[in-house]
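Reading through the structure tokens given below for one structure.
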Amino acid sequence: MTPASWLRAVAVVFVVALLQVVIVSSLVVAGGAPDLLLVVVVVLGLLRGSTPGAALGFVGGIVVDLVTLGTLGVTSLILTLAGFWAGRYGETTGRDRRVAPVIAVGTITVLAGAFGYVLHYLLDQEVVAGHALVTALAPAFVLNVALALPIYALVRAIVGEGVRDASAPEVEVLV
Amino acid sequence: MSRQRSARSAALGLTVRRLPTTNTRGNGPLRRRLVVGLLVLASLVLISLSFRSDDSGPLSGVESAGATALRPLAVGLERIAQPFRDVYGWADSLLSARSEAEALRAEVQELRQRTIQSEFALQENVYLRELLDYIDGPRFPADFDPVGAEVTGRPSGAFTQAIVIAAGSKHGIQVNDPVVNADGLVGVVVRVAPRSARVQLLTDEEAAASAIDLRTGATGIVRHARGTRETLVLDRVRKQDVVRRGNEIVTAGWRAGTLSSLYPKGIPIGRVTSVGQTDTDLFQQVQVDPYVDFGSLDAVLVLVPTGRP
């Protein structure tokens with residue numbers, strides 16, 4: 001990534017992190033709210049690769065934890081792993097698949113929800129599994145998946161896509 | 001999958017060669033793993049330091065500085081979003097306006113009668129207190145200076161029920177200060193920065209408040225109802241105590257020696273919606289519908305004890 005694209009990506013993550021905390025979190029639909037920041041981090045991972053995805057997830061998590069005065073590092077750990085996994089998916093199996101953003105966002109929403117539940121449990125914070133993993137996660141999953149393609153298009157227009165050799169397959173069959 | 005492919009390839013007499021991973025984005029596997037490992041490690045170190053430290057811990061200065069620096073941006077965004085939120089709230093309220101108006105008319109009639117009765121009771125109460133030289137705990141709102149604050153953030157996810165407000169230690173707010181709004185009890189301050197504070201809502205899994213049935217005097221602990229986001233239960237109500245549907249629940253504000261409840265006496269919490277009990281349960285099951293709409297909090301009052309330096 002060039003310094004200019006890094007700067008644009010960090011700016012996007014910063015603004016979305018603030019939007020998430022101030023506005024999006026309160027848009028509760030059927031018991032759950034969309035996680036716009038998670039969607040953006042996943043999309044950035046798909047577009048720019050695993051290392052930038054992880055780094056941008058870390059930055060977004062730190063901003064969220066600072067603004068909400070939460071336990072520093074919790075959100076950044078979840079988003080770092082989300083960005084990294086999305087990046088690896090984009091670099092390998094998800095390459096050139098049109099539905100890759102939808103698959104990645106859906107899968108990572110569920111995994112991030114489960115991982116967040118475990119993390120809060122380990123930190124001795126009371127969380128009801130049924131509420132965290134079903135009541136709130138199900139609508140969040142639907143909303144995040146619905147946002148995946150529009151956000152992918154928007155972020156790609158702002159940040160651009162990483163340079164890749166589209167013709168190079170992973171496995172070559174020699175006759 | 002790769003085994004099948006190899007077997008098929010072998011049967012067809014083909015050679016399959018795995019190409020080295022294409023370094024399309026300038027990241028070698030080693031560098032990639034190193035960066036991610038370091039970021040994960042940094043997150044774990046931050047969690048460890050932040051979780052263990054109190055307000056004077058090594059990270060509190062960094063957290064306070066970060067929160068203070070980001071506060072103007074959060075407040076600015078909140079103000080931009082407010083008109084849109086108001087429009088949404090207005091449109092939403094139109095749907096239920098008619099039925100709500102009828103219910104409110106009936107409630108006004110009942111409250112008018114109760115106000116007159118309360119006036120008599122208050123005069124009697126003042127007279128009897130003077131006679132007894134009665135020493136009481138802090139009362140709301142007389143013994144508190146309310147600090148008004150805008151709600152600037154809501155942590156996302158199902159794990160916490162909290163809000164962030166645009167007032168902090170510079171405004172006299174400390175951890176454990178109760179927070180209310182015009183409808184009733186909102187929660188308690190759990191973290192303070194110079195110009196912002198985190199408020200744990202009453203609907204959080206870890207929140208609880210000692211409460212009393214205003215009509216019958218039955219006491220219990222109000223806490224979050226399992227499985228739902230915005231319902232409360234009045235827990236630990238003995239079977240012999242009387243609680244009826246429709247009764248008002250307010251904070252009990254107990255005092256025992258030098259210890260006292262976080263919440264002062266008499267803050268409205270909600271109305272009883274159902275009462276049940278089984279033979280095996282030790283306590284009654286009382287469900288409470290909170291007065292406060294926790295999903296649309298725009299501004300709150302933090303109750304700072306009068307005379308705090």
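Quick caveat: nothing in here was measured; it's all calculated off a predicted structure. Every chain is numbered from 1, with letters handed out A, B, ... down the list of sequences.
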Pick one of side chain, backbone, both or neither for [X], based on which atoms fall under 4.5 Å of a heavy atom in chain B.
X	result
Thr80(A)	side chain
Ile62(A)	side chain
Val24(A)	neither
Leu27(A)	neither
Phe14(A)	side chain

Interface check, chain A: of Ile163(B), Leu297(B), Leu77(B), most non-hydrogen pairs under 4.5 Å belong to Leu77(B)

One option among Thr152(B), Leu39(B), Leu73(B) has the most heavy-atom pairs under 4.5 Å with chain A, and it is Leu39(B)

Arg8(A) and Val159(A): which non-hydrogen atoms are nearest, and at how many Å? NH2-O, 3.7 Å

Measure distances from Val40(B) to the heavy atoms of chain A and classify the residue's part below 4.5 Å as side chain, backbone, both or neither. both

Val62(B) portion near chain A, given a 4.5 angstrom heavy-atom threshold: backbone

For the atom pair [atom1] ([X]) and [atom2] ([Y]), what is the distance rounded to the nearest 0.5 Å?
X	Y	atom1	atom2	answer
Thr273(B)	Asp289(B)	OG1	CG	6.0 Å
Asp177(B)	Leu301(B)	CG	CG	12.5 Å
Leu49(B)	Leu44(B)	CG	CG	11.0 Å
Leu234(B)	Arg236(B)	CG	CZ	11.5 Å

For each of [options], tally heavy-atom pairs with chain B at distances under 4.5 Å, and name the one with the top tally.
options	answer
Val74(A), Leu123(A), Leu18(A)	Leu123(A)
Leu77(A), Leu66(A), Leu72(A)	Leu72(A)
Gly70(A), Gly57(A), Ala54(A), Gly53(A)	Gly70(A)

Are Glu205(B) and Arg223(B) close enough for a salt bridge, meaning some N to O gap below 4.0 Å? no

Is Arg48(A) salt-bridged to Glu161(A), cutoff N-O under 4.0 Å? no

Around atom CG of Leu94(B), are there more than 12 heavy atoms of other residues, nucleotides or ligands at under 6.0 Å? yes

